[in-house]
Amino acid sequence: MASEVNLAQLRALVAVADTGGFGAAADELGISQSAVSHAVAALERALGAPVLRRGAPCRPTPLGEQVLPHARTAVASAAAVRTIATRHSGGLTGTVRLAAPTTVCQALLPGLLREWKAAHPQVTVSVFEGEDDELTTWLEAGTVDAAVLVDATTLPPGAIALGADSMHALLRRDHPLAGQETIHVGELEDDDFLLSEGGCERHIREAYRRAGTRFAPRHRIRDLNSLIGMVHAGVGVSVMPALALTMLPPDCVLVPIRPAVHRTLTLTGPTGRPWSPAVSGLLAGVGVTVPG
């Protein structure tokens, strides 16, 4: 090797890989784009091969993919050391990358972010929105430091149970079923069904399976806001979590379904490595629960 690998180079690699570009990485790190480019170039000289494919977005090369997990560990460990030192002197500092599903980002995170900012002004929380099945992978790979997981089966000590979020039928307010206290999923068969292809699909299928009712979605929509817009326009009906209530226009309603199906939400750090002190400090004071 021409030179030793250092932390600044690894931090630049992680930032470019996570943001997809040198400019965005510079903004995240608070340095110039030129400094990021020089750090990555120095790392590539030290390793003897490229670690990033330049483009829009930038992607790791095969060598970069092998180096990246170790780079994340080194960067996280350095941040943890700094945070421990700060806590020792009486404060909590650092950056926490937090992943959560769309409905959680809309309904729960704004309150949590305000609470954390007031309690720990020196901690920066960066939010990553993802689908349910992506979040565990991101957390264990080190892409994020903490996550709100759906129906998690294995949790480390310190994880916070936020509660259970029930599934509801999404209808226009003028729909004949909109005034009922609950709706059996079989009653939705006369309408075109819009299926969200995010993480809630398995919960919807479970409801129909338990009811013994045929499930034949007419439309498959990935973006939740697009799905809500289509229901609002009268295209059909759907089923989604109660937390989606904050996203609805005034002339749409959510009605609990039968059979009842819930998803559990848990705020946690990773299971495969130590939590950063910043994550532990934030989670220690959480008192938010999801609506019933």
Side-chain angles (χ1 to χ4, degrees), residues 1-83 85-86 93-102 105 109 113 116-117 120-131 133-148 222-223 269-270 272-273 275-279 282:
M1 292 185 186
S3 61
E4 292 294 326
V5 173
N6 63 46
L7 186 61
Q9 296 163 1
L10 298 178
R11 187 178 287 114
L13 170 62
V14 170
V16 175
D18 285 348
T19 64
F22 284 81
D27 291 340
E28 180 174 292
L29 295 174
I31 60 178
S32 69
Q33 183 171 335
S34 175
V36 176
S37 297
H38 284 305
V40 172
L43 176 62
E44 292 177 329
R45 287 195 300 272
L47 298 179
V51 292
L52 291 169
R53 292 192 179 95
R54 275 65 171 174
C58 292
R59 298 294 189 195
T61 64
L63 174 61
E65 292 284 4
Q66 295 180 60
V67 171
L68 198 53
H70 301 286
R72 292 191 193 283
T73 299
V75 170
S77 295
V81 169
R82 290 194 300 272
T83 303
T86 303
T93 188
T95 297
V96 173
R97 298 164 298 172
L98 173 65
T102 300
C105 289
L109 283 196
L113 293 175
W116 285 334
K117 185 174 181 62
H120 305 290
Q122 299 304 312
V123 176
T124 299
V125 180
S126 298
V127 176
F128 292 69
E129 182 182 288
E131 303 293 350
D133 55 1
E134 295 176 311
L135 304 184
T136 300
T137 300
W138 291 356
L139 185 58
E140 298 309 325
T143 303
V144 297
D145 308 300
V148 178
R222 180 171 179 83
D223 181 74
R273 66 182 190 282
W275 294 12
S276 77
V279 170
L282 291 184

Minimum-distance pair of heavy atoms, taken over all atoms of Val36 and Ala26: CG2-CA, 3.7 Å
Glu4 vs Asn6 side-chain heavy atoms within contact, under 4.5 Å: no
Side chain to side chain contact (heavy atoms under 4.5 Å, CB included) between Arg54 and Val40, intermediate numbers included: CA-CA 11 Å; Arg54 275 65 171 174; Val40 172; 3.7 Å; yes
Residue pair Ala12 / Ala39: nearest heavy atoms and the distance that separates them: CB-CB, 3.7 Å
Inter-residue atom distance Thr73.OG1 - Leu10.CG, 0.5 Å rounding: 10.5 Å
From CG (Asp145) to CG (Leu98), nearest 0.5 Å: 9.0 Å
Side chains of Glu129 and Leu109 in contact at under 4.5 Å (non-hydrogen atoms): no
Nearest-0.5 Å distance that lies between atom CG in Leu139 and atom CZ in Phe128: 12.0 Å
Exercise: identify the closest heavy-atom pair between Val51 and Glu44: N-OE2, 2.9 Å
Nearest heavy atoms of Trp275 and Pro270, plus distance in Å: NE1-O, 2.8 Å
Flag side-chain contact, heavy atom, 4.5 Å: Val125 against Lys117: no
Within-4.5 Å side-chain heavy-atom neighbours: Val96 and His120: no
Interatomic distance, Asp18 atom CG to Cys58 atom SG [nearest 0.5 angstrom]: 12.5 Å
For Thr19 against Ala25, the heavy-atom pair lying closest together: OG1-N, 3.3 Å
Non-hydrogen atoms of Arg97 and Val144 that approach each other most closely: O-CB, 3.4 Å
4.5 Å side-chain heavy-atom contact, Pro101 and Glu134: no
Reported CG-to-CG distance for the pair Leu52 and Leu68, which is rounded to 0.5 angstrom: 8.5 Å
Separation between OG1 of Thr137 and CD of Glu131, rounded to the nearest 0.5 Å: 12.5 Å
Atom CZ of Arg222 with >12 non-hydrogen neighbours under 6.0 angstrom: no
Minimum side-chain heavy-atom gap Val127-Leu113 below 4.5 Å: yes
